[in-house]
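Each remark here refers to the structure printed beneath this line.
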Amino acid sequence: MSTTDTQVPAHFIRQIIATDLKDNKHNGKVVTRFPPEPNGYLHIGHAKSICLNFGMAIENNGLCNLRFDDTNPEKESVEFMESIERDVQWLGFAWAELYHASDYFEQLYIYAENLIEQGKAYVDSLSAEQIRAYRGTLTEPGKESPDRNRSIAENLDLFRRMRAGEFADGHYVLRAKIDMASPNINMRDPALYRIRRVHHHRTGNDWCIYPMYDYTHCISDALEGITHSLCTLEFEDHRPLYDWVLDALKTPCHPQQIEFARLQLEYTIVSKRKLNQLVTEKHVSGWDDPRMPTIAGLRRAGFTPKAIRDFCERIGITKQNSWIEMGVLEHCIREDLNDNSSRVMAVLQPLRVVIDNYPQDQTEQLEISNHPQHPELGKRQVPFSNVILIERDDFSDTPPPKYKRLVEGGEVRLRGSYVIKCNAVIKDANGAITELRCSYDSDTLGKNPEGRKVKGVIHWVSEQHALSAEVRLYNRLFALPQPDNEDNFLTAINPNSLEVLADCKVEASLAAALPESRFQFERNGYFCLDKDSVEGKLVFNRTVTLRENWEKD
RNA sequence: UGGGUCGUCGCCAAGCGGUAAGGCACGGGGUUUUGAUCUCCGCAUACCAAGGUUCGAAUCCUUGCGACCCAGCCA
């Protein structure tokens with residue numbers, strides 16, 4: 001062990017895999033899979049699972065498949081499949097194979113007949129309601145179905161006719177014959193197949209019976225030679241069923257299911273049903289709305305794949321239900337963007353400043369570094385002239401204590417430029433400040449003024465050179481840390497989650513910026529150019545503010 | 001009142017019988033032409049509780065307490 005060893009935490013799944021490798025349990029192989037159901041967009045919670053599954057494969061020289069769990073065609077779509085592939089790749093991962101559970105429908109069917117032949121599955125004619133009633137409760141055992149002892153021959157015949165489409169939807173169901181008195185409700189003869197005449201986005205109308213998750217997932221894992229089947233805690237109770245199915249069948253292998261806690265992030269929800277509701281009821285602009293915790297939303301907001309991966313590593317993998325504070329995610333994106341984004345000046349709420357002693361028709365090209373700590377990011381030319389725009393907040397005629405920006409009679413540094421002094425404040429009839437009259441000290445470019453200290457530094461743009469922009473200031477979508485705890489999560493929506501500033505001015509160098517490029521607007525935060533940008537009007541989304549360490553009153 | 005799982009700092013999280021890592025947050029100092037960054041310092045005599053075993057327990061045992069998940073022909 002050297003001190004330079006990486007310091008990734010050895011969470012329990014890493015430990016299990018390390019032990020298995022040492023014991024040569026799977027011939028030294030590690031094969032995982034990320035198995036989303038294509039019924040919605042991927043979100044930050046999926047990112048945790050993606051990073052884990054792909055991460056374990058990468059770390060151990062193994063393989064990770066992407067497998068669509070497409071056994072319920074009613075809720076699934078090609079749009080969702082495409083978005084999932086896009087998001088996984090954007091996060092930076094490459095799957096070994098792309099599979100669909102529907103690829104295995106025929107094999108699954110054959111296995112089902114095998115189960116019937118072994119007397120381990122039967123066709124039940126009980127209705128859904130009856131099955132529920134027969135299931136018993138958490139504290140009382142269930143009752144056996146009258147059809148439970150149907151003959152193997154009859155079960156086989158019925159099941160084949162189910163497939164052939166002889167029966168109406170819901171008329172029959174294939175059930176595993178396990179134990180109606182099991183304390184684990186999942187083992188009380190769970191359904192394996194249901195009749196459902198729905199068009200499937202991949203298999204079309206080939207099937208009118210569809211296999212259930214519990215039956216499909218374990219077999220799919222086995223067919224792919226998965227060694228470690230990682231899933232979330234709510235499937236813990238299903239593991240005995242996972243193992244029961246594989247023990248009953250002669251599958252190529254028997255993967256080990258290991259459960260970990262799903263991500264819960266404060267001020268967000270990660271329920272696909274609810275995210276879907278936000279979209280369909282138009283509480284947000286779409287699945288990729290920057291306020292959405294979806295990968296697509298985070299991407300549009302300006303998050304980087306690296307920051308999301310870092311986040312997933314930092315929060316750890318355990319079996320404890322826990323809530324992650326937003327601050328952790330924010331830290332990750334600030335850390336990446338601080339290091340890698342170019343600095344630029346943008347005035348969100350402009351206030352006109354006329355510099356009376358600067359030549360009226362003169363323009364000076366000031367050379368400003370793109371990153372204070374990374375000279376390798378280069379420099380850019382920023383035009384300076386006698387009329388500039390500064391942030392309204394950067395001037396105050398009633399300055400609070402410790403205010404270090406511009407005040408009447410005071411001086412301030414224009415970032416990358418001169419020191420100016422405010423000589424007069426122009427107000428309109430209502431007393432609102434419309435303009436500042438200033439003078440500049442020509443001997444302060446690149447050097448401190450003689451004999452006095454100017455502590456404030458503010459950003460600015462030259463009025464005649466600036467570009468117009470719309471800036472969208474996003475805040476958390478929910479006003480409560482745990483929206484799901486409300487009777488109706490919609491009541492927890494933050495009414496101020498989006499503030500649109502339509503008349504912002506940004507420096508000219510941004511004219512060539514491409515959608516999805518990220519910048520630090522100095523002193524304001526990190527922003528990402530949105531795809532809504534058009535000629536003459538740039539649109540920026542705020543990813544996150546800069547940290548603000550001083551106490552505001 | 002059945003079964004499964006989990007309880008270590010405000011939030012995460014190491015720890016695997018030898019005397020409480022780390023991150024985020026927070027508080028304070030320094031540097032700074034971003035009140036950013038960077039940097040230095042501080043931050044659990046304490047591990048849900050109570051007993052017990054042991055020279056020694058967050059780690060083992062017992063008994064409590066608390067939280068989460070399960071009664072879809074969803075995944």
Side-chain angles (χ1 to χ4, degrees), chain A residues 7 9-11 15 35-37 39 69 71-72 74-76 124 126-129 131-133 135-142 169-175 182-188 190-196 209-210 212-214 216-217 231-240 259 261 266 272-273 313-332 334-335 338-339 343 345 368-369 371-373 402-405 412-417 419 444 446-448 454-459 520-525 545-552:
Chain A
Q7 300 184 9
H11 56 65
Q15 294 183 22
E37 182 188 13
N39 66 344
D69 231 327
T71 56
N72 187 8
E74 275 162 301
K75 297 178 179 170
E76 299 154 8
D124 198 350
L126 252 30
S127 69
E129 299 70 48
I131 285 181
R132 192 184 320 129
R135 186 150 33 223
T137 68
L138 295 178
T139 52
E140 298 159 323
D169 286 13
H171 191 75
Y172 283 119
V173 64
L174 182 73
R175 290 229 256 170
S182 172
N184 180 347
I185 291 187
N186 295 299
M187 299 299 269
R188 319 241 261 229
L192 266 23
Y193 271 89
R194 73 284 217 191
I195 303 174
R196 191 130 307 170
I209 57 172
Y210 290 98
M212 300 290 291
Y213 164 85
D214 283 311
T216 307
H217 202 84
C231 65
T232 44
L233 250 29
E234 66 269 27
F235 293 103
E236 227 157 5
D237 292 344
H238 295 238
R239 184 164 12 105
E259 312 85 10
E266 287 189 346
K272 272 200 263 186
R273 201 204 96 231
E313 193 63 63
R314 280 172 192 257
I315 59 178
I317 300 291
T318 68
K319 299 187 75 143
Q320 271 158 252
N321 281 116
S322 59
W323 284 87
I324 308 296
E325 293 177 341
M326 255 304 174
V328 182
L329 217 207
E330 291 176 348
H331 170 81
C332 293
R334 285 196 185 107
E335 183 174 77
N338 172 57
D339 206 33
R343 265 106 252 236
M345 290 194 283
I368 301 181
S369 163
H371 190 119
Q373 283 83 36
K402 290 189 178 172
Y403 187 80
K404 49 191 272 195
R405 289 107 93 185
V412 77
R413 159 74 65 183
L414 294 178
R415 169 119 253 229
S417 177
V419 168
T444 54
K447 60 202 258 198
N448 285 326
V454 174
K455 52 184 189 304
V457 179
I458 64 173
H459 58 279
Q520 183 194 98
F521 286 1
E522 291 212 50
R523 305 204 313 127
N524 257 319
T545 62
L546 253 31
R547 280 183 61 187
E548 293 178 346
N549 273 342
W550 85 106
E551 36 343 310
K552 279 182 167 176

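The sequence lines fix the lettering, A, B, ..., with proteins before strands; numbering per chain opens at 1.
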Exercise for review: Let me know the distance between CD of A:E266 and P of B:rC24, rounded to the nearest Å.
Suggested key: 17 Å

Exercise for review: Assign a letter to each nucleotide of nucleotides 66-75 of chain B from its 5' end: B, base within under 4.0 Å of a protein heavy atom; S, sugar-phosphate only; -, no contact.
Suggested key: --SBBBSBSB

Point to revise | Note, A:P190 side chain near A:D214 side chain (heavy atom, < 4.5 Å) | key: no

Practice item. Quote, to the nearest angstrom, the P distance that separates B:rG66 from B:rG23. Key: 36 Å

Point to revise | Out of B:rC24, B:rG7, B:rC12, whichever nucleotide has its closest atom nearest the side chain of A:Q320 | key: B:rG7

Practice item. Using a 4.0 Å heavy-atom cut-off, write out nucleotides 28-36 of chain B from 5' to 3' as B (base contacted by protein), S (sugar-phosphate only) or - (no contact). Key: -----BBBB

Study note, to complete from the structure: Contacts of A:H459 meeting ring-ring contact (aromatic ring centres under 6.0 Å, His included) (sequence neighbours excluded), chain-then-number -> none

Check your understanding: Okay, side chain of A:R334, backbone of A:T545: is any donor-acceptor separation there less than 3.5 Å?
Key -> yes

Review point. Phosphate oxygens OP1/OP2 of B:rG15: is one of them under 4.0 Å from a side-chain N or O of A:Q15?
Key: yes

Check your understanding: Taking atom C1' in both B:rC38 and B:rA21, what distance in whole Å separates the two?
Key -> 24 Å

**Study point:** Any side-chain heavy-atom pair of A:I458 and A:L414 under 4.5 Å
**Key:** yes

Review point. Between A:E236 and A:K319, does at least one N-O distance fall below 4.0 Å, as a salt bridge requires?
Key: yes

**Study point:** Nearest-Å distance once atom C1' is located in both B:rU19 and B:rU45
**Key:** 11 Å

Review point. Is there a donor-acceptor pair closer than 3.5 Å between any side-chain N or O of A:R413 and the backbone N or O of A:T444?
Key: yes

